[in-house]
Amino acid sequence: MRRVYLDHSATTPVDPEVASLMMTYYTEKYGNPSSIHSFGQEAREALEKAREQVAGFIGAQPAEITFTSGGTEADNLAILGAAEAYKDKGKHLITTAVEHHAILETFEFLAKNGYELTVLPVDEEGLLSVDGVQRAIRPDTILLSVMHANNEVGAIQPVAEIGRLAREKGVIFHVDAVQSLGKIPVNVNDLNVDMLTVSSHKIYGPKGVGALYVRKGIRLVPRVYGGGQEKKRRSGTENTPGIIGFGKACELAQARMADEAAKLTGLRDRLMDGILERIDFVKVNGPRGAKRLPNNVNVSVQYVEGESLLLSLDMVGIAASSGSACTSGSLDPSHVLLAMGMPHEIAHGSLRFSLGRQNTEEDVDYVLEQLPKIVERLRRMSPLFDQMQREAGAK
Amino acid sequence: MRRVYLDHSATTPVDPEVASLMMTYYTEKYGNPSSIHSFGQEAREALEKAREQVAGFIGAQPAEITFTSGGTEADNLAILGAAEAYKDKGKHLITTAVEHHAILETFEFLAKNGYELTVLPVDEEGLLSVDGVQRAIRPDTILLSVMHANNEVGAIQPVAEIGRLAREKGVIFHVDAVQSLGKIPVNVNDLNVDMLTVSSHKIYGPKGVGALYVRKGIRLVPRVYGGGQEKKRRSGTENTPGIIGFGKACELAQARMADEAAKLTGLRDRLMDGILERIDFVKVNGPRGAKRLPNNVNVSVQYVEGESLLLSLDMVGIAASSGSACTSGSLDPSHVLLAMGMPHEIAHGSLRFSLGRQNTEEDVDYVLEQLPKIVERLRRMSPLFDQMQREAGAK
Amino acid sequence: MYTEKVMDHFTNPRNVGEIPDADGVGEVGNPKCGDIMRIYLDIEGDTIKDVKFKTFGCGAAVATSSMVTEMVKGKTITEALDISNAAVAEALGGLPPNKLHCSNLAADALHAAIKDYYDKQEKAKG
Amino acid sequence: MYTEKVMDHFTNPRNVGEIPDADGVGEVGNPKCGDIMRIYLDIEGDTIKDVKFKTFGCGAAVATSSMVTEMVKGKTITEALDISNAAVAEALGGLPPNKLHCSNLAADALHAAIKDYYDKQEKAKG
Ligand SMILES: Cc1ncc(COP(=O)(O)O)c(C=O)c1O
Ligand SMILES: Cc1ncc(COP(=O)(O)O)c(C=O)c1O
């Protein structure tokens, strides 16, 4: 059976070049970078080269990069580390309603432990208002965190403007760039950020590796204690093969980004337009055009439920994801779709296709061939579709 | 040049079988285990199989295993997570003077934040007294952490007895088994432990992966917030290839441990005895015989400094480590050697050889051929050796 | 995630559809929660002669709906009232823990349909 | 970690040894810190005719000792007093940051040896 992976926002395959480089560091150059012998030193050199590659990709200095076990840990370190370091300056924090759980849950932990939290709303496209940010900033605000691009609906926030504002007001500005890295330009200076989170497994690097950019001069209280690795910001034997893989993945992404973004944008629009053409009662979630990640398609298919769609797609080899509650084990559907003002019943039928490096027009056309049949079959089973048609007929 | 790696306590190469399994999960079965499509589900299955392999190796239930980014994170989660969860029961903590920094620094952080800490001394072999532990336990003691085997001198602590004591007194007992796993039997029931830390890269698995065993019923406050992975104990996209590699490494270690321990014990004693025979003014650090890890050799070479020894060994292809301050960038030599009552000047000249799966008698004999020449050369340069000889001559 | 049996019932659901002028119709769930099951019964004497369903919901919701219609077809009402949500899940070889509460309502829908049948009988008598 | 020059001086240290009845001997460091450097000077008139060293310490300690003896041989005392620890580190192409404070004492040992020479001169005069 044809297998079409369209869930690159969840995770990506490791690029073969990255994987084979990692192999060398797993089996041959396996030294501990803290060791002074040549096994250790060759690992250390490669580790520092990776730091340069990551830093270079986001316009940072190598010394400003702290490697972590992933985007989640980097988000936690940024939020908890800065909140603790600057607690004497103030206790007010700001974030948005559409952040990843790694940000939201972390802020909520702080909100339960002596901090005050403002969660900014978004409009129906998932976009933040710069004015709204401005109004939320108070004299005791110490930290503001806004994601660069949303993982569910692909909305790209006006981060550079928000950063300018934060800098004016002396508020530390953190950006979660996990989804934007490798898809649109991410530069810590252009975006006026103080801290920025990136994750390797979203850009064809290995899982279990991420990094936090921390602008020189920003203080952070560490979250992990031990051998004092990563300049005491993050103890633990360094995951050198993983980090080296991440570095290589950054180098490859940097070289390919412009071409890939153009190609992905084409596939994205072909898929989105094709769905709208072929299936009735479908709504596009998130902005269209330049304010949307080049690889994100998100639609709500009314009168059917997301998990059923995913299972049916999977049965014909198509891997996608959904904001349906049923895929997460919680009762509420995606907090992002709800924050955009979408009714629960429509949010349940949302479907995300996230395109990647390997995808082709044939992949897209295969989805366009399969999805209408699936939707039709599920709608035939759906008491809601039934009801809607009866009501429409009665009119 | 011959290259002889004798620093397996710092880190090990990844077993080729483990590495090739990981490759599959990096490049082909790369799904996110939280995804419901088949890419996700095949990763989920392999992840849960790895959990069974790790659990099986230490006599635990799979549900009692939480995967982390390494031994350091697992140690931190155990100590900080339990201290927070049980703070209403008491605020007294106990550990030993010879723990890894991942334990010591974490306890010291707590000692600065409202907890009371007792650090138990060891004898000149690095061994803990069970009586001492008994005397240290108070009614408000909530947590006791003792390492199974020491990473520097290989001393194996009487963990089972201490565990019995802890259970009697209702104190949560954590054991850092990072160095003992795969070398001597580690069974959470035999050792009477409530929490136990293991790390993959010390047993021929990948770096950046570890696990914390938490006995059913023990509460822990998480340290990382986000998607709620690992039953909410440790958020972050799972490092599936790494975890799967760790699982495989446990399976291999379990099958090979008995044979390997016997072989390593032979090499260990050949190396230790050979050094004592060939070089004067050398002292063995740590216990001899069954109370020592099968793969650990640690000696102090008087009148020379450890880093000079390491550099000289490295120049002939031998990788070892030292408790010298000069190898760590701090001013004091190894806290373990100092806790054993060793004078600073002798601790500076300590040398650790940690043997591994690939080492042979030829490797040992190569060290025995090279080390005496190196020591002689450095002693000829040493004003201390000079002085000692002059003083000896004067008598 | 799901057992083979669940996937079989999801892929080839039995008895999808409606029964015009059904003797009993039961509906549970609500679209906000992402699950609605509607069951139609055709009852003759004490026996469930035919049964159909329509479901909006996840894989478990569809599969339990399908399964319960199979379990109940040809059975007496008394037997049908004995079927519990747990029995449906069991007949499917089990469900993932997070599906046991919210998507496992097919027996409830069946019981609601039987109640509807009784209510209609009462009315007819009344 | 170390530059090639450091490794060269560590591997082939110049002027190891002692000078019997040296005109000046200087020692710095202490074994507790893991570094001791002893420098011997043979001085004729104002000129350092010969210099030897003995060092207990890490790679940097040995290399800086060796380097300072090279830098000072044949120089006048005034020139020797101008040599700083930083100059020695620089001549070696730099040292790792954590070695700059504790293991970079060779110039201090040299200066101590010169002081010892002056002290002896004083005494001889006295
Ligand atoms: C926006 C965003 N932030 C953070 C994360 C977490 O990163 P990681 O999966 O590396 O823990 C993700 C992905 O899961 C994400 O999409
Ligand atoms: C005894 C002990 N505990 C903890 C650790 C830390 O584990 P990791 O290197 O996986 O962070 C180590 C090794 O460095 C160790 O030897």
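Keep in mind that the numbers below use all heavy atoms, side chains included, and drop hydrogens, waters and symmetry copies. Throughout, protein chains are lettered first and strands after them, A, B, ... in sequence-line order, and every chain is numbered starting at 1. All values reported here derive from a predicted model rather than from experimental measurement.
- Using a 4.5 Å cut-off on side-chain heavy atoms (C-beta onward), A/T72 and B/T237 make no contact.
- Looking at A/T68, there are no atoms closer than 4.5 Å to chain B (heavy atoms on both sides), in backbone or side chain.
- Relative ring orientation between B/Y26 and A/Y26 is described as parallel, the plane-to-plane angle staying below 30° on a 0-90° scale split at 30° and 60°.
- Of the listed residues (B/A320, B/G228, B/G210), the greatest number of heavy-atom pairs within a distance under 4.5 Å of chain A belongs to B/A320.
- When A/I79, A/N32, A/L104 are compared by the number of non-hydrogen pairs under 4.5 Å with chain B, A/N32 comes out ahead.
- When each of B/E108, B/H101, B/Q41, B/R3 is checked for heavy-atom pairs under 4.5 Å with chain A, B/R3 comes out on top.
- The aromatic rings of A/F109 and B/Y225 sit parallel to each other, their planes meeting at less than 30°, with 60° as the upper class boundary.
- For the set B/I103, B/V209, B/V18, B/V14, the count of heavy-atom pairs under 4.5 angstrom toward chain A peaks at B/V14.
- Contact tally against chain A (heavy-atom pairs below 4.5 Å) for B/P16, B/G245, B/G31: the top residue is B/G31.
- Heavy-atom distances place the side chain of A/N76, and not its backbone, under 4.5 Å from chain B.
- Between B/R234 and A/S69 the shortest side-chain heavy-atom distance falls below 4.5 Å.
- Put simply, of A/T240, A/D15, A/D7, the one with the most heavy-atom pairs under 4.5 Å next to chain B is A/D7.
- Per-residue counts of heavy-atom pairs under 4.5 Å with chain A were compared for B/I243, B/L311, B/V224; the largest is that of B/V224.
- Of the inter-residue distances, the one linking A/S235 atom OG with B/D75 atom CG reads 11.0 Å to the nearest 0.5 angstrom.
- When all heavy atoms are compared, the tightest approach of B/L80 to A/R223 is CD1-O, 4.5 Å.
- The contact between A/M22 and chain B is made entirely by side chain atoms (from C-beta outward), counting heavy-atom distances below 4.5 Å.
- Looking at A/E238, only its backbone comes within 4.5 Å of chain B, counting heavy atoms on both sides.
- Heavy atoms closer than 4.5 Å to chain B are found in the side chain of A/S35, but not in its backbone.
- For the atom pair CD1 (A/I318) and CZ (B/F39), the distance works out to 10.5 Å, reported to the nearest 0.5 Å.
- Counting only heavy atoms from C-beta outward, the side chains of B/L313 and A/H37 never approach each other to under 4.5 Å.
- Atom-to-atom distance recorded for A/M315:CE and B/S38:OG is 11.0 Å, nearest 0.5 angstrom.
- Ranked by heavy-atom pairs under 4.5 Å with chain B, the first of A/K207, A/E105, A/Q229 is A/K207.
- Residues A/H201 and B/Y30 fail the side-chain proximity criterion, which asks for heavy atoms closer than 4.5 Å.
- With a 4.5 angstrom heavy-atom cutoff, A/P206 touches chain B via backbone and side-chain atoms both.
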